[in-house]
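Reminder, nothing fancy here: chain letters follow the sequence lines and each chain counts from 1.
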Amino acid sequence: MVTGTAFGTIESTEDIYLEGAPNLYVQDYNAPEMYAPDADGFYWQLTGTSTYNVFEIGCPTEVSFTENITMNDVLCDNVGVKDTIQQRNYFEFTMTVQNMFPLQTLKILLKGGAVTETAPTQKLPLGKINNNQFWHLYAPKVYDEDVGDYVWIMLHKCKFVDAFTLNMTFGSPWQLTGIKLRAFADTTMPTAQQFGMFGRADASVIV
Amino acid sequence: MAKRNSPKRNYVWVEEPYIEEVEEVRKETPKEEELPIILEDDYVNKIPLQLQRDITLNCYGPVTQTLYQFEGAGSIVYVYEEDVEPMLQKRGGRGCCSSTPPISYFKRVI
């Protein structure tokens with residue numbers, strides 16, 4: 001018996017530590033998810049088609065995943081704050097990107113228009129932002145390369161928001177900073193997964 | 001009463017021209033199945049290819065040098081047979097961070 005522990009049924013944590021950023025893939029929101037839904041009722045994974053390509057966001061750095069919440073305290077003048085009501089507004093991936101090509105991927109990050117290609121040139125128009133463009137995001141991270149155990153984050157309805165900054169420093173690769181991918185509630189999804197889902201596949205532990 | 005010469009009317013006998021009766025020949029309308037099938041020039045000896053990349057592409061056929069214009073991912077254009085195989089070999093970009101190889105620009109439409 002170990003002192004200083006709780007009693008009863010205890011869910012212990014596993015000594016597995018995840019390191020590094022996941023791979024990031026986006027696809028036009030109008031394309032259905034690959035599992036829509038799967039046998040457990042979850043919507044996730046992307047499958048690219050000729051009409052709806054899956055785009056890889058290459059060489060990201062400083063990747064972080066966060067959420068935005070509105071909180072309102074329940075204040076009682078005789079007691080003080082008794083509760084905090086929370087409303088989830090959105091999730092957000094932020095990152096810095098160092099791969100600029102091809103332009104049809106860069107156009108997503110810069111919120112540009114359709115790319116025209118006439119070999120040997122590609123041209124990307126920069127005009128008004130299309131506010132009707134949404135994306136699916138699929139972010140898998142393999143944490144055991146030997147057996148292929150991995151986790152993934154799936155966000156259903158995302159939009160690239162906020163201003164980017166393209167740093168062009170001498171001796172360094174161009175860096176596209178300020179990239180924010182904001183995930184909103186998708187009302188076409190079941191309520192419990194309106195924003196998305198977090199998954200894990202590990203055949204040695206999840207049996 | 002003065003005598004007047006009665007005018008003579010000279011009659012000349014003219015034979016009636018012989019008109020040969022010609023049988024009317026009615027052209028027979030060929031049966032539908034015998035009519036040659038004429039295709040629009042746009043589709044003769046052409047094979048549809050679908051663009052797999054999210055771009056507006058102006059591409060010259062490697063063999064015929066015909067200009068083909070694709071309007072975005074999924075668009076289909078009929079391409080001359082001679083250009084099909086070289087165009088199917090066209091791949092874009094250089095592979096990056098993941099193991100995904102560069103995709104082909106086009107695929108055949110079945």
Kindly determine whether A:Thr116 and B:Asn58 satisfy side-chain contact (heavy atoms from CB on, under 4.5 Å), including the steps that lead there.
-> CA-CA 8 Å; A:Thr116 297; B:Asn58 300 317; 3.9 Å; yes

When rounded to the nearest 0.5 angstrom, what is the spacing between [atom1] in [X] and [atom2] in [Y]?
X	Y	atom1	atom2	answer
A:Thr118	B:Gln69	OG1	CD	8.5 Å
B:Gln50	A:Thr51	CD	OG1	5.5 Å
A:Glu117	B:Phe70	CD	CZ	11.5 Å

Answer yes or no: are there more than 12 heavy-atom neighbours, outside [X] itself, under 6.0 Å from its atom [atom1]?
X	atom1	value
A:Phe198	CZ	yes
B:Ile76	CD1	yes
A:Met168	CE	yes

Of the backbone (N, CA, C, O) and the side chain (C-beta and beyond), which part of B:Leu67 lies under 4.5 Å from a heavy atom of chain A, both, or neither?
-> neither

Do A:Pro102 and B:Arg53 have side chains that get closer than 4.5 Å, going by heavy atoms?
-> yes

Got B:Ile55 and A:Gln122 here, is their nearest side-chain heavy-atom distance under 4.5 Å?
-> yes

By salt bridge (Lys or Arg N to Asp or Glu O under 4.0 Å) - contacts of B:Asp54 (at least two apart) = A:Lys107

A:Asn53 side chain to B:Ala73 main-chain N or O, any donor-acceptor pair under 3.5 Å?
-> no

Residue selection (most heavy-atom pairs with chain A, distance under 4.5 Å) from B:Gly74, B:Cys59, B:Gly72 = B:Gly74

